[in-house]
Amino acid sequence: QRVSGSGFVFTEKEETVLLPILPSCLPQLDLLSLTTTVASGGPCEIVWSWVIKPRRTSGNKLEKILQEVLESHGERRTEELRGDLPRSFQRHGDLLLMGDNCFSLPLWRKMDQHVWSVVAKGLGAKRLAKMSRISRDGFRSPVVTVLLGEHSWVKHVDKRIRYEFDVTRCMFSAGNITEKLRVAGFDCRGETVVDLYAGIGYFTLPYLVHAGASRVHACEWNPDAVKALQKNLQAKGVSDRCTAHQGDNRQLQLCAVADRVNLGLIPSSEDGWPVACRLLNRTTGGILHIHQNVTSASPIAAHRPSGKRADREAWQDITGARWRTNNRHVEHVKSYAPHVHHVVLDLECRPS
Ligand SMILES: C[S@@+](CC[C@H](N)C(=O)[O-])C[C@H]1O[C@@H](n2cnc3c(N)ncnc32)[C@H](O)[C@@H]1O
Ligand SMILES: *[C@@H]1O[C@H](CO)[C@@H](O)[C@H](O)[C@H]1NC(C)=O
Ligand SMILES: *[C@@H]1O[C@H](CO)[C@@H](O)[C@H](O)[C@H]1NC(C)=O
Ligand SMILES: *[C@@H]1O[C@H](CO)[C@@H](O)[C@H](O)[C@H]1NC(C)=O
């Protein structure tokens, strides 16, 4: 990228610019205006600092380190090869998780394990894994191959909560830091919360540990994620306040207990809306936190004025009660493509 007087200007090539942000400044950060002013309408998101880019020097360092291995295999350093080295990765403890845009040339497949030990050492890690994509199996499990290391469980500490999970079987939402900080700041003392898409506890744990919820019902259908969730609850000593419901949340046998329902599924949590309505406490109602991808042109579909009456009737059918709803807040989590945004609607629902 070029840096111009007015800020960063992106070239045609797909490149990323990382801007360091102090955690204390996050609440003041306006992602939407940043998207237009800095990213020229391109995708813009907040990521954890462990999503690091090696400085040019460490890129060179890796190249130097690999030189010997390459030479012993009769390979020469080329521009193509240089472009095939990892430029960004996630660090989970001693495991480095690389994206799918590196080590893709056929020559790497000819080499033995030794090359991965060299790479790991060069990047200050003990284990190496490579991601290809988030699978479409509904579990959102990333397709991850371990290149070096005995196992694929990792520890990730974040706001004094330790998340342990198997990188080959569960996803870790690195990009939702603002939403997680927001949840951690809620006051849920005395509340019963249902997390309909709990995963490894990315929102469930802040609800219990920081927001002080009296009880969280965590729904999750991926058995590997449930295993990780239980481990993480135990490590934090909050298992007694959490009930894990393994299975499809649409089949959940729970009703009218919740003060709050978290619907953290992108692109849409729409399948969970009827479930969430059934879950709300009939006498007091509660708040739904609805995650959704939206385009800049259309706010959350359920709240198109034209659909409002129909929605209200549908809700009445589901819950057998009349509800007053109020859009308390729309949180902009990130933009992941031009004009496509991940937002969370805080929908207050009270019986009328
Ligand atoms: C995108 S992940 C998000 C997890 C967590 N909210 C986070 O940010 O890390 C969604 C999770 O919901 C689970 N899930 C999707 N549909 C489900 C359903 N119908 N019932 C139960 N769990 C479901 C997936 O297995 C996955 O772990
Ligand atoms: C952020 O959270 C949503 C909902 O929990 C999830 O579907 C999405 O994949 C997450 N984003 C990232 C970058 O992990
Ligand atoms: C609904 O909320 C009221 C008031 O907080 C509470 O007394 C009642 O126990 C709740 N209902 C259920 C089923 O939790
Ligand atoms: C948003 O999610 C919906 C599914 O609810 C999907 O059909 C649509 O293509 C997504 N839109 C964008 C712009 O990603």
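These values consider heavy atoms only, across backbone and side chains, with no hydrogens, waters or symmetry-generated copies. Remember, it's 1-based here, ligands and their atoms both numbered in the order they're listed.
For the pair Leu97 and Val144, the minimum side-chain heavy-atom distance is below 4.5 Å.
Every atom of ligand 3 is numbered from 1 in the order shown, and the set under 4.0 Å from a heavy atom of Thr283 is 1 (C), 2 (O). Counting the atoms of ligand 1 from 1 in the order shown, those under 4.0 Å from a heavy atom of Gly264 are 3 (C), 6 (N). Within ligand 1, the atoms closer than 4.0 Å to a non-hydrogen atom of Leu265 are 1 (C), 10 (C), numbered from 1 in the order shown. Heavy-atom proximity to Asn249, at under 4.0 Å, picks out these atoms of ligand 1: 18 (C), 19 (N), 20 (N), 21 (C). Atoms of ligand 1 lying under 4.0 Å from any heavy atom of Phe203, numbered from 1 in the order shown and given with element: 6 (N), 8 (O). Heavy-atom contacts of Asp248 reach the following atoms of ligand 1: 18 (C), 19 (N), 20 (N) (cutoff under 4.0 Å). Residue-ligand proximity, Gly247 to ligand 1, at heavy-atom distances under 4.0 Å covers atoms 20 (N), 21 (C).
Remark: Arg241 is not positioned above the aromatic ring of Tyr207, lacking an NZ or CZ atom under 6.0 angstrom from the ring centre and at most 45 degrees off the axis. Under the 6.0 Å distance and 45° angle rule, Lys130 does not count as a cation-pi partner of Trp116.
Arg76 and Glu71 are not joined by a salt bridge, as no carboxylate oxygen comes within less than 4.0 angstrom of a charged side-chain nitrogen. With respect to the salt-bridge test (charged N to carboxylate O, under 4.0 angstrom), the residues Arg182 and Asp346 qualify. The pair Arg350-Glu348 counts as a salt bridge, with a side-chain nitrogen and a carboxylate oxygen less than 4.0 angstrom apart.
Remark: side-chain polar atoms of Glu220 are paired, donor with acceptor, to backbone N or O of Gly199 under 3.5 angstrom. Looking at Asn281, its side chain does come within 3.5 Å of a backbone N or O of Thr284 through a donor-acceptor pair.
Considering backbone and side-chain atoms alike, Tyr202 places every N or O at 3.5 Å or more from each N or O of ligand 1. In terms of polar-atom proximity, Glu220 is counted as a contact of ligand 1, with an N or O under 3.5 Å from an N or O of the ligand.
For atom 11 (N) of ligand 3, a protein non-hydrogen atom is found at a distance below 4.0 Å.
For atom 13 (C) of ligand 3, the nearest protein heavy atom (residue, atom name, distance) is Ala256 O, 3.2 Å. Looking from atom 3 (C) of ligand 3 to the surrounding protein, the closest heavy atom is Asn281 ND2, 3.6 Å. Residue, atom and distance of the protein heavy atom nearest to atom 5 (O) of ligand 3 are Thr284 CG2, 4.0 Å.
Between the side chains of Gln234 and Ser239, no donor N or O sits under 3.5 Å from an acceptor N or O.
For Ile200, no heavy-atom contact with ligand 1 is shorter than 4.0 Å.
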